[in-house]
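See below for the structure under consideration.
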Amino acid sequence: MSRLDQDQHLDPGCRGKATMAGDSSDIHQLVKQPLPDLKLASHAVLEKAQQRGRVKCSKCGGSRMFFCYTCCSLVGVNLQEIPIVKLPVKIDIIKHPNETDGKSTAIHAKLLAPGDITIYTYPCIPEFEKDKVVLVFPGPGAVSVQDMMQHLYERTDNRPNESSHEPRIKRLKTEEGQDVTQTAENSESGTQGEAEGLESRSCPLQRVVFIDSTWNQTNKISTDERLQDLLQVELKMRKTCFWRHQKGKPDTYLATIEAIYYFLKDFHEHCLAQEYNGEYDNLLFFYSYLHSVVNKAKMSVGKH
């Protein structure tokens, strides 16, 4: 058994992945990285920390590996040794009080993007400016990340005393299928007009809210009246690779760190209209390493 925290049981692998009942090619496939094209910082620091073994947290005294999920602090690893990610938007995570700290991936996000992520324990929910905040959660009224900005602009334009003379930013497609951004009023004035339009229209999105809970516990938070007026966004095309897949739930139900990563990647490409070059890949720094450790442990068990 690996030296992961004792709460990190070796549950069934990613949905659709080969199980240990398969042949050797299945086993080889199992230990591959779930997201092989990630641009990650070196995992050497985590490998060394794992070899040294578990360390007591200086704050709570708990025996931990890499970080203390109770105190939200690094253990056996220095801050200078892990990547720090700067995000384009602030993120608030609302954690269910019964969510097991040792099984939550929200801690990964807080440690890797400490300046941009805040974790609240329900029923504590901050006050939100409804027209500038979205809730990432599936539902009948949820929109895609691609359509999110248009919905936010419409909410802003419908507010009282809002100027109606600002140019509307439109999403267009080139013949090659690449995204371009231009203003409706200056569509014929070239790149200069496009730049002026972008500067005159500030991004309405200020914060993004995620719920950290098992899927069976999310209803209490998602239906809270303080979140009801937020625009709901759904990551409809993404599939989880979390090793703790919840039985009976579709593979589009993501772990918290997966949801944050995929949202930011889509936001970067579709809302900021920039080519993605791995800017937020290191949010999966801990996740990808733990995934490989769990899968290697499964492979080792399968050999016996």
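Model, not experiment: these values are computed from the prediction.
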Check: F137 main-chain N/O paired with Q232 side-chain donor or acceptor under 3.5 Å: yes
For A259, side chain to side chain contact (heavy atoms under 4.5 Å, CB included) partners two or more places apart: F210, L235, L254
Steps toward side-chain contact (heavy atoms from CB on, under 4.5 Å) verdict (F128, I125): CA-CA 9 Å; F128 295 122; I125 295 179; 3.7 Å; yes
Distance, nearest 0.5 Å, that separates NZ of K239 from CE of M237: 8.5 Å
Partners meeting side chain to side chain contact (heavy atoms under 4.5 Å, CB included) with K59 (sequence neighbours left out): C57, C71, S73
Inter-residue atom distance C271.SG - Q150.CD, 0.5 Å rounding: 11.0 Å
Scan the side chains in residues 75-85 for donor-acceptor partners under 3.5 Å anywhere in the protein, sequence neighbours excluded, and list what turns up.
unit_1, atom_1, unit_2, atom_2, d
E81, OE1, N78, N, 2.8

Considering all heavy atoms, the nearest D131-L152 contact: O-CD2, 3.5 Å
Atom pair CG/CZ of L230 and R155 - distance to nearest 0.5 Å: 7.5 Å
Residues in salt bridge (Lys or Arg N to Asp or Glu O under 4.0 Å) contact with D224, at least two apart in sequence or another chain: R226
Sub-4.5 Å side-chain heavy-atom contact between V134 and M148: yes
Same apolar cluster: V55 and F67, side chain cutoff 4.5 Å: no
E99 side chain to S213 side chain, donor-acceptor N/O pair below 3.5 angstrom: no
N/O donor-acceptor pair under 3.5 Å between H268 side chain and E275 backbone: yes
Side chain Q217, main chain H96, donor-acceptor under 3.5 Å: no
With E234 via side chain to side chain contact (heavy atoms under 4.5 Å, CB included) - residues at least two apart: P138, A142, K236
Flag side-chain contact, heavy atom, 4.5 Å: Y153 against P204: yes
With sequence neighbours excluded, residues passing side-chain hydrogen bond (donor to acceptor under 3.5 Å, both in side chains) with K110: none
Centroid-centroid distance, H108 to F285, less than 6.0 Å: no
CG-CG distance between L38 and D281, expressed to the nearest 0.5 angstrom: 4.5 Å
L264 to L87 - nearest heavy-atom pair and separation: CD1-CD2, 3.6 Å
Qualifying residues under salt bridge (Lys or Arg N to Asp or Glu O under 4.0 Å), relative to K86, sequence neighbours excluded: D116
Any donor-acceptor N or O pair under 3.5 Å, side chains Y276, D266: no
Residues that Y120 engages under side-chain hydrogen bond (donor to acceptor under 3.5 Å, both in side chains), provided they are two or more places apart: none
Under the side-chain hydrogen bond (donor to acceptor under 3.5 Å, both in side chains) test, residues paired with N219 that sit two or more places apart: none
Student check: side-chain heavy atoms of L290 and T105 closer than 4.5 Å: no
Aromatic centroids of H43 and Y289 separated by under 6.0 Å: yes
Over all atoms of both residues, closest heavy-atom pair of Y287 and C241: OH-C, 3.1 Å
Any I93 side-chain heavy atom under 4.5 Å of T118 side chain: no
Residue pair L135, I211: steps toward the side-chain contact (heavy atoms from CB on, under 4.5 Å) verdict: CA-CA 8 Å; L135 171 65; I211 297 175; 4.1 Å; yes
side-chain hydrogen bond (donor to acceptor under 3.5 Å, both in side chains) partners of T70, counting only residues at least two apart: R64
side-chain contact (heavy atoms from CB on, under 4.5 Å) evaluation trace for L231 with K130: CA-CA 8 Å; L231 178 65; K130 307 295 185 182; over 6 Å; no
K95: which of D212, D101, T256 passes side-chain hydrogen bond (donor to acceptor under 3.5 Å, both in side chains): D101
T223 side, atom OG1; Q228 side, atom CD - distance, nearest 0.5 Å: 6.5 Å
For P126 against D92, the heavy-atom pair lying closest together: CG-OD2, 4.0 Å
Minimum heavy-atom distance between L40 and N282, given as atom pair plus value: CA-OD1, 3.3 Å
Whether F267 and F263 hold their rings parallel, tilted or perpendicular, with breakpoints at 30° and 60°: parallel
Shortest non-hydrogen contact from C68 toward I107: O-CD1, 4.3 Å
Partners passing salt bridge (Lys or Arg N to Asp or Glu O under 4.0 Å) against K265 (at least two apart in sequence or in another chain): none
Worked verdict on E129 versus Q206 for side-chain contact (heavy atoms from CB on, under 4.5 Å): CA-CA 9 Å; E129 192 170 349; Q206 290 185 348; 3.9 Å; yes
Main-chain N/O of H291 paired to K296 side chain as donor or acceptor, under 3.5 Å: no
Gap between atom CG of L46 and atom CD of Q51 - 0.5 Å precision: 11.0 Å
Results of side chain to side chain contact (heavy atoms under 4.5 Å, CB included) for T121 - residues two or more places apart only: P97
Side chain T100, main chain K103, donor-acceptor under 3.5 Å: no
